[in-house]
Amino acid sequence: MAEEEEPGWEVDPDDDWGVAVITTVGRQLRLRREAVGMRAAEFGRVVGYGEDMVYKVESGKRIPRPEFLDKADEVLSAGGLLAAMKEDVAKVRYPKRVRELAQLEAKAVELQLYDPLNVHGLLQTPEYARALLRMRRPAYSGDEVERFIVARVARKSVFERAPSPEIGFVLEEWTLRRPLGGREVLRSQLEHLMEVAELRQVELQVMPMDREEHAGVAGGIEVLKFADGSAVGRSPVVAGGRPVGEPRQLRILELRYGIIRAQALTPRESTTFIEKLLGAA
């Protein structure tokens, strides 16, 4: 696919921080290019971009790839200035609300997560995530789908942090049986769950469909706890789904999550359950 046609690299005009970052990068790029007396077309040939794409990047309308910034830094003798912008540029590709969530996850020392509708975003493979996003109505654009996928993959860095946060997931059985995206997508997703379940800091539990009592019928739950003793939680039935930090509301969320965990299979039983599903897939 041509660079100009590939989705996921447009700047969201409603993301003020993202617009500011890409505008700054573009301005630095243009100043460096003009300082060495290189025309946009000539520069584009060297770095592998068309002249029109160079202008789009310089005007802050297109997010540059990390390899583009590395090459531009070398060609324009920027001394690492352009290459150093890669981290912030990469974050611009994440939708604003996902970026804010990722920042909270990056600080948390404990995460308690329950999604009654799908495999939780932190556990999704790119193929499973893409299938879900393409089913959304009203439909996301191709650019929006790719931005969400990039963001979800980036959020998985929470598993690699040191020290590692404690992470608990409760998954609904039906989400592990329904072949969203196709049988192969489901199988890959189940295999990925088995890999994550082996991590020492992760407790993964399955809520069977045959349970006659279920404390999670009101909706999903997310509780993030931080090193200073504070916490933030979110659920559709508390404060309209907005993040909350008030102790009384957090207590309700933690109470519900604790009961859900008690009603679900144990982590060992859950792993065995997923193994059986894989055998039948």
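- Within 6.0 Å of CD on E184 lie no more than 12 heavy atoms contributed by other residues, nucleotides or ligands.
- We find the CD1-CG distance between I167 and L199 to be 8.0 Å, quoted to the nearest 0.5 Å.
- The existence of a salt bridge linking R261 and E203 is confirmed by a sub-4.0 Å separation between a basic side-chain nitrogen and an acidic carboxylate oxygen.
- The CG atom of L180 lies 6.5 Å from the CG atom of N118; values are rounded to the nearest 0.5 Å.
- Contact of the V244 side chain with the R234 side chain is not registered, since no non-hydrogen atoms from C-beta on lie closer than 4.5 Å.
- For the atom pair CG of L250 and CZ of R248, the computed distance is 10.5 Å after rounding to the nearest 0.5 Å.
- F226 has its side chain within reach of V232: a pair of non-hydrogen atoms, C-beta onward, lies under 4.5 Å apart.
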* Evaluate the side-chain contact (heavy atoms from CB on, under 4.5 Å) criterion for residues K156 and F159: first the C-alpha distance (whole Å), next the side-chain angles of each, then the deciding distance (0.1 Å), finally the verdict. => CA-CA 6 Å; K156 294 185 179 182; F159 293 113; 4.2 Å; yes
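- By the rule that hydrophobic residues join a cluster once side-chain heavy atoms approach within less than 4.5 Å of another member, L76 and L31 end up as members of separate clusters.
- A salt bridge links E146 to R130: one of the charged nitrogens lies within less than 4.0 Å of a carboxylate oxygen.
- Enclosure of atom CZ in R178 is not indicated, since only 12 or fewer non-hydrogen atoms of other residues, nucleotides or ligands lie within 6.0 angstrom.
- Note on R177 versus E173: salt bridge recorded, some NZ/NE/NH1/NH2 to OD/OE distance being below 4.0 Å.
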* Intermediate values then yes/no, side-chain contact (heavy atoms from CB on, under 4.5 Å), Y257 and L255 -> CA-CA 5 Å; Y257 187 77; L255 174 64; over 6 Å; no
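- Side chains of S77 and V36 form no contact here, defined as non-hydrogen atoms less than 4.5 Å apart.
- Side chain to side chain, E110 and Q112 meet the donor-acceptor criterion of an N or O pair below 3.5 Å.
- Between the side chains of E127 and H192, not a single donor N or O lies within less than 3.5 Å of an accepting N or O.
- Closest approach of Y49 and V54 over heavy atoms only: CB-CG2, 4.0 Å.
- L171 has its side chain within reach of L176: a pair of non-hydrogen atoms, C-beta onward, lies under 4.5 Å apart.
- A donor-acceptor pair shorter than 3.5 Å cannot be found between the side chains of Y114 and E222.
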* Walk me through it: do E166 and K225 pass the test salt bridge (Lys or Arg N to Asp or Glu O under 4.0 Å)? => CA-CA 10 Å; E166 296 296 320; K225 299 182 179 182; over 6 Å; no
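- Side-chain N/O atoms of D228 and S230 include a donor and acceptor closer than 3.5 Å.
- A salt bridge does not link E42 to R33: none of the charged side-chain nitrogens sits closer than 4.0 Å to a carboxylate oxygen.
- Between D70 and K86, at least one side-chain nitrogen of the basic residue sits less than 4.0 Å from a carboxylate oxygen of the acidic one, meeting the salt-bridge criterion.
- Hydrophobic cluster membership is shared by L122 and V196, with clusters built from Ile, Leu, Val, Met, Phe, Trp and Tyr side chains linked at under 4.5 angstrom.
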